[in-house]
Amino acid sequence: MERHCPRLVFASLRGGAGKTAISVAVVAALRKRGIDIVPFKKGPDYIDAAWLSLAASKPCHNLDAFLMGPEQVVRSFYRRAAGSWGVVEGNRGLYDGVNSAGAYSTAELAKMIKAPVILVVDSDKVTRTAAAMVRGCQCLDPEVDIRGVILNRVGSNRHSSVITRAVRESCGLPVFGAIPRIADFPFLERHLGLVPPQEHDNVADVIRQAVFLAESELDIDGLIRIAQSAASWKDDIALQAEPGNRASGEPVSVGIIRDRAFQFYYRENIEALAECGARIVDLSAIDDKVLPRLDALYIGGGFPETQAEALSANESFRRSLLEAAEGGLPIYAECGGFIYLGESLVIGDRRYPMVGALPVVFGMEKRPQGHGYTVADVVGINPFFPVGMRLTGHEFHYSRILACKRGEVHTAYRLLKGTGMGENRDALCRKNILASFTHLHALGTPQWAELLIEKARQYRHNDKNEPAASVAEQGRRANG
């Protein structure tokens with residue numbers, strides 16, 4: 001049986017061209033018209049996904065062939081978009097991937113899900129050259145279904161008119177509108193891209209402004225027609241089971257710190273924990289006074305540096321978390337969570353005390369210290385993963401380790417790709433803590449949730465003194 005799933009991919013010629021703002025605007029405008037939108041973000045990204053979730057009033061899911069493999073990307077897209085419309089925001093330039101062939105690019109993703117592509121073109125200081133760039137995208141891979149263009153940052157009506165005519169004449173493509181340069185553009189930017197909505201003063205107003213831009217400047221009806229023209233797909237694609245597991249034991253409580261400091265969580269990761277038997281307990285390291293009784297704790301990435309003063313000031317929460325860590329609470333932390341578990345964070349000439357569960361001092365730099373995909377072999381005994389397992393993930397951090405008491409901790413990952421802590425190592429371990437700069441995606445590492453929940457159940461039954469080798473052996477069995 002075939003089904004029809006209207007869908008679009010928004011791509012651009014480079015990163016920073018404005019495709020996130022335009023994708024959010026179009027998603028919000030379509031939702032205002034009563035269309036049920038399921039948003040997706042290509043690549044390892046949390047901030048754009050958060051904005052797309054707000055615009056659609058529905059969770060945004062990530063699609064990344066490097067992290068989860070092509071088959072899982074296709075399966076995930078069609079399962080979640082079934083019965084709705086799928087809108088995908090690409091990342092970087094249309095053909096930008098991990099190598100000169102453009103592997104894992106937005107173009108490759110668009111071909112996987114057979115979706116028409118709308119190119120967002122930054123028009124600042126160009127006219128007919130914009131058409132040359134669009135034409136180049138058409139010619140580089142004719143299998144990519146480029147169906148139209150949206151101009152961004154146009155300087156005047158004449159500027160827009162010249163580029164629109166050039167694109168139509170040279171590329172044979174429609175232009176679905178032009179966004180003018182706006183001095184007070186509501187989407188503020190920072191070093192990782194847009195400022196996360198959790199740190200924005202008035203999210204609802206930003207979405208309203210985005211809808212106004214879309215309705216006043218873009219041909220929404222034309223975009224709808226392009227989305228509806230996408231090819232049908234077969235039911236059997238969506239019905240294939242995803243890797244992962246369902247709950248098969250007693251439920252356990254897993255705390256997740258989600259606040260202004262820690263917002264980087266893939267929706268699929270939280271779903272996977274719940275499916276394996278977790279009762280999710282939302283926490284705030286800024287507002288909660290103490291850590292409640294838990295069976296495990298998950299601290300994702302985020303911006304602890306922007307909230308360092310508030311995190312440091314909440315001494316009672318830090319103290320209770322340290323006590324729990326010393327008592328053997330299983331803790332899995334990524335990037336920002338890694339920093340929070342350290343002794344302190346140095347920003348400029350100020351030092352902010354953190355939890356102190358790991359004997360590490362972190363500092364913030366002006367340039368990225370690690371950026372891109374990671375591949376890691378598990379080589380050290382740790383609370384969650386069996387030795388010998390290979391993990392694919394990603395990192396993006398401006399932080400680095402300034403000091404570490406190595407005798408009290410050890411690393412679990414040897415990096416084949418990526419930076420991590422330096423010297424090809426990542427994942428610091430102490431007691432039942434594993435903290436790393438590497439982010440994992442549950443659809444790419446389906447054992448992650450299973451093993452975390454298994455460790456939580458061990459802790460719940462007070463199996464705190466089990467030898468580490470036995471834990472690793474159990475992980476090997478779970479890994480097959």
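Not measured: the values here are computed from a predicted model.
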Minimum heavy-atom distance between [X] and [Y], given as atom pair plus value:
X: Ser284; Y: Asp287; answer: OG-N, 2.9 Å
X: Ala285; Y: Leu311; answer: CB-CD2, 3.6 Å
X: Asp426; Y: Phe437; answer: OD1-N, 3.1 Å
X: Arg153; Y: Gly18; answer: NH2-N, 4.4 Å
X: Asp288; Y: Leu283; answer: OD2-CA, 3.4 Å
X: Val211; Y: Ala29; answer: CG2-N, 4.1 Å

Requested in this report: Take Glu309 and Tyr352, measure what side-chain contact (heavy atoms from CB on, under 4.5 Å) needs, and give me the verdict at the end.
Outcome: CA-CA 7 Å; Glu309 189 165 352; Tyr352 298 91; 4.1 Å; yes

Requested in this report: Before giving the answer on side-chain contact (heavy atoms from CB on, under 4.5 Å), spell out for Val26 and Val24 the whole-Å C-alpha distance, their side-chain angles and the decisive distance to 0.1 Å.
Outcome: CA-CA 6 Å; Val26 171; Val24 168; over 6 Å; no

Would you give the length of the straight line joining atom [atom1] of [X] to atom [atom2] of [Y], rounded to the nearest 0.5 angstrom?
X: Phe362; Y: Leu341; atom1: CZ; atom2: CG; result: 8.0 Å
X: Leu52; Y: Glu89; atom1: CG; atom2: CD; result: 5.5 Å
X: His61; Y: Leu63; atom1: NE2; atom2: CG; result: 9.0 Å
X: Cys5; Y: Tyr78; atom1: SG; atom2: OH; result: 7.0 Å
X: Asp295; Y: Leu297; atom1: CG; atom2: CG; result: 11.5 Å
X: Leu428; Y: Ser436; atom1: CG; atom2: OG; result: 10.0 Å

Query raised in the report: Ring centres of Tyr298 and Tyr265 under 6.0 Å apart?
Result: yes

Query raised in the report: Less than 6.0 Å separating the ring centroids of Tyr332 and Trp448?
Result: yes

Query raised in the report: Hey, mind stepping through Asp36 and Arg31 against salt bridge (charged side-chain N to carboxylate O under 4.0 Å, His left out) and telling me if it holds?
Result: CA-CA 6 Å; Asp36 183 25; Arg31 179 176 171 270; over 6 Å; no

Query raised in the report: Would the number of heavy atoms belonging to other residues, nucleotides or ligands and lying under 6.0 Å from CZ of Arg258 be above 12?
Result: yes

Query - Atom NZ of Lys32 with >12 non-hydrogen neighbours under 6.0 angstrom - result: no

Query - Stepwise side-chain hydrogen bond (donor to acceptor under 3.5 Å, both in side chains) check, Asp48 with Thr20 - result: CA-CA 6 Å; Asp48 295 353; Thr20 300; 3.0 Å; yes

Regarding [X] and [Y], does a basic nitrogen lie under 4.0 Å from an acidic carboxylate oxygen?
X: Glu271; Y: Arg80; result: yes
X: Arg279; Y: Glu250; result: no
X: Glu454; Y: Arg457; result: no
X: Arg14; Y: Asp122; result: yes

Requested in this report: Run the numbers on Phe303 and Phe262 for side-chain contact (heavy atoms from CB on, under 4.5 Å), then give the verdict.
Outcome: CA-CA 6 Å; Phe303 292 111; Phe262 307 105; over 6 Å; no

Query raised in the report: Under 4.5 Å between any side-chain heavy atoms of Val9 and Ile118, yes or no?
Result: no

Query raised in the report: Taking the side chain as C-beta and beyond, is there a heavy-atom pair between Pro386 and Leu451 under 4.5 Å?
Result: yes

Report summary line: ring pair (Phe, Tyr, Trp, His ring centres under 6.0 Å) filter on His441, not counting sequence neighbours, yields Tyr266

Report task. Please report the C-alpha distance between Glu326 and Arg430 in whole Å, then the side-chain angles of each, then the deciding distance to 0.1 Å, and finally whether the salt bridge (charged side-chain N to carboxylate O under 4.0 Å, His left out) criterion is met. Result -> CA-CA 9 Å; Glu326 294 298 317; Arg430 178 178 176 268; 2.8 Å; yes

Query raised in the report: Quick one: which of His439, Lys41, Gln263 gives a side-chain contact (heavy atoms from CB on, under 4.5 Å) with Tyr46?
Result: His439

Requested in this report: Before giving the answer on side-chain hydrogen bond (donor to acceptor under 3.5 Å, both in side chains), spell out for Tyr373 and Asp64 the whole-Å C-alpha distance, their side-chain angles and the decisive distance to 0.1 Å.
Outcome: CA-CA 11 Å; Tyr373 291 121; Asp64 191 295; 2.6 Å; yes

